[in-house]
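Beneath this line is the structure, given in structure tokens, with notes to follow.
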2 protein chains.
Amino acid sequence: MKSRENLIPVYYRLAEDIKQQIEAGELKDGELLPTEAQLGEKYGISRMTVRQGIALLAEAGLIDTIKGKGSFVTRPRLNQLIIDLKNSGVNDEQLRYKLLSVNLIRNNLKLASELGFTGQSSVITVKRLLFKGAQPVAIEEKFLRYQKGKPLLETQLEYADFPELVAKHQESVPVRNDTVISVAALLPEQARLLEADEVLPALVIKQVIYAKGDNPLGVSIMICHKDRFELKATSYPLSGRL
Amino acid sequence: MKSRENLIPVYYRLAEDIKQQIEAGELKDGELLPTEAQLGEKYGISRMTVRQGIALLAEAGLIDTIKGKGSFVTRPRLNQLIIDLKNSGVNDEQLRYKLLSVNLIRNNLKLASELGFTGQSSVITVKRLLFKGAQPVAIEEKFLRYQKGKPLLETQLEYADFPELVAKHQESVPVRNDTVISVAALLPEQARLLEADEVLPALVIKQVIYAKGDNPLGVSIMICHKDRFELKATSYPLSGRL
DNA sequence: GAGTGGTCTAGACCACTCG
DNA sequence: GAGTGGTCTAGACCACTCG
């Protein structure tokens, strides 16, 4: 079936077909798919092409393939949620930024080691206020390993998201972002900045960016106004090709 | 290079090689990789095998491939974080569960429509208390579309995670989980259950499980004690094959 | 028109699983 | 030993990009 006629690749159509069957409940959780050879036969395509479709389904979490046995229908991984910090409240396009302060703190081993910056005693701090419309929604404080000869541009300070900022200021390549989400009470000064009652709690998002080998390159702490900010996450793959 | 000698597939070694070069900064952000033909030449392997390696790198977010142009080094997507609800505080293995109540609420169109359960007026509610050791850490309340002839087993009610529970009780196949994370004050009864001061705020995790076509099948609301619970997320692919 | 990645084929050998 | 998926090849034609 050389279906170049209609531009949609055959392996993709095979994957879609099977996806439909799974979502319609025709192929149930745990059930075994036909073998690759059988699917090739059925669709009139070669085995490598079948495998391309199967790979797509596996990537989407719809099947598990076990060598020597076959491909089994499985429930999608609904417990694995994706937060896109660029589109879920944080770093939203609707947000405006106001730069509060930038400091280079030299020779403060205590601070550097608290942040996990080994072999380092100078730290850059950047503080911004995030607005949605006229309302302040979050305070963001960033701590960067100081890197000689890599000055930060004003535009970066104001507009770059955190991983991007770290990338620009570092020789080392950032490879991982570990984040913790928790709740804390606002400090008086934070409450003032956020124009909130002092008693209000806040959503706290703490990001740590690492280079290869678990070396922290930067730490970001966002203090978010509880009524003006929430985090959205979804199980649906953002880069989903199916 | 038929390197079956050492069990590690050639395409995998190619991908690892390039990954190392990217993480070491030898291949910088935006740089163009050699063409597939050149890589095939260099490693002495066929183009399809090169493509297998390239696909792995693309999946890990280390390169972007553009048809007709080539493959470009790109920063990994550090803004896309994965929360694994099974290993990040929620549904943790260390957690114990106490079933508080199970109810079938019949003929309550208002509740059903609030939950988004269309064409439906009966709702099952399940309330559990989660413990870490002897300490209550969260209250979990679930609302399920009632499905005739699909009784819930006691063991499921106590141990199943939410997507699993929905899957067991529904004919429809769950395909998506949309979650919102926010902050709210504890109600007096909730504070009592969590053995907390009434004034305490709480982390709120609201999950909605959908079938195909944006039909909600179930809603779960977790009210988490702020000092005993935090959510962890990471950019590192959990199913990372590289 | 030359170069690139995207799709696809028809074969091959392998390691693994299962009865 | 029969069946399965995993790896790999050496070819082909295509659509796209760029000068």
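A quick note: this is a predicted structure, and the numbers were derived from the prediction, not measured. The chains referred to below are lettered A, B, ... by the order of the sequence lines, with proteins before strands, and numbering in each begins at 1.
- At whole-Å resolution of the value, CD1 in A:Ile66 and C1' in C:dC18 are 13 Å apart.
- For the pair B:Arg241 CZ and D:dG6 C1', the computed distance is 12 Å after rounding to whole Å.
- Nearest-nucleotide mapping onto DNA chain C: of B:Glu36 and A:Arg47, the residue sitting toward the 5' end is B:Glu36.
- B:Leu57 CG to B:Glu16 CD: the interatomic distance, rounded to the nearest 0.5 Å, is 9.0 Å.
- Between the A:Arg145 side chain and the A:Thr118 main chain, a donor and an acceptor come within less than 3.5 Å of each other.
- The OH atom of B:Tyr43 lies 12.5 Å from the CD atom of B:Gln38; values are rounded to the nearest 0.5 Å.
- Under a 4.0 Å N-O distance rule, the pair B:Asp84/A:Arg77 does not qualify as a salt bridge.
- At whole-Å resolution of the value, CG in A:Leu7 and P in D:dC14 are 13 Å apart.
- Annotation for A:Lys212: atom NZ counts as buried by contact number, over 12 foreign heavy atoms lying within 6.0 Å.
- The distance from atom CD1 of B:Ile8 to atom C1' of D:dG6 is 15 Å, rounded to the nearest whole Å.
- Both A:Gly68 and A:Ser46 lie close to DNA chain C; mapped to their nearest nucleotides by heavy-atom distance, the more 5′-ward contact belongs to A:Ser46.
- Counting only N and O atoms by type, the side chains of A:Lys142 and A:Gln207 include no donor and acceptor under 3.5 Å apart.
- Nucleotide C:dA10 holds its P atom 12 Å from the CD atom of A:Glu41, rounded to whole Å.
- Looking at B:Asp161 and B:Leu85, their side chains never come closer than 4.5 Å, going by heavy atoms from C-beta outward.
- Side-chain nitrogen and oxygen atoms of B:Tyr11 include at least one within less than 4.0 Å of the OP1 or OP2 phosphate oxygen of D:dT7.
- Atom CG in A:Leu144 sits 10.5 Å away from atom CD in A:Gln120 (nearest 0.5 Å).
- The CG-P distance, from B:Leu32 to D:dT17, rounds to 15 Å in whole Å.
- Stems are defined here as 3 or more consecutive Watson-Crick or G-U wobble pairs with pairing distances under 3.5 Å; those involving DNA chain D are C:1-18 with D:1-18.
- The CG-P distance, from A:Leu14 to C:dC8, rounds to 10 Å in whole Å.
- A distance of 7.0 Å separates OH in A:Tyr146 from NE2 in A:His169, rounded to the nearest 0.5 Å.
- Look at OH on A:Tyr12: it is 19 Å from P on D:dA15, rounded to the nearest Å.
- Comparing D:dG6, C:dG5, D:dT4 by their closest approach to the side chain of A:Lys67 singles out D:dG6.
- Checking D:dC16, D:dT17, C:dT9 against every side-chain atom of B:Lys69, the shortest atom distance belongs to D:dT17.
- Taking a 4.0 Å limit (strictly below) on heavy-atom distances, residues 48-60 of chain B reaches DNA chain C at B:Met48, B:Arg51.
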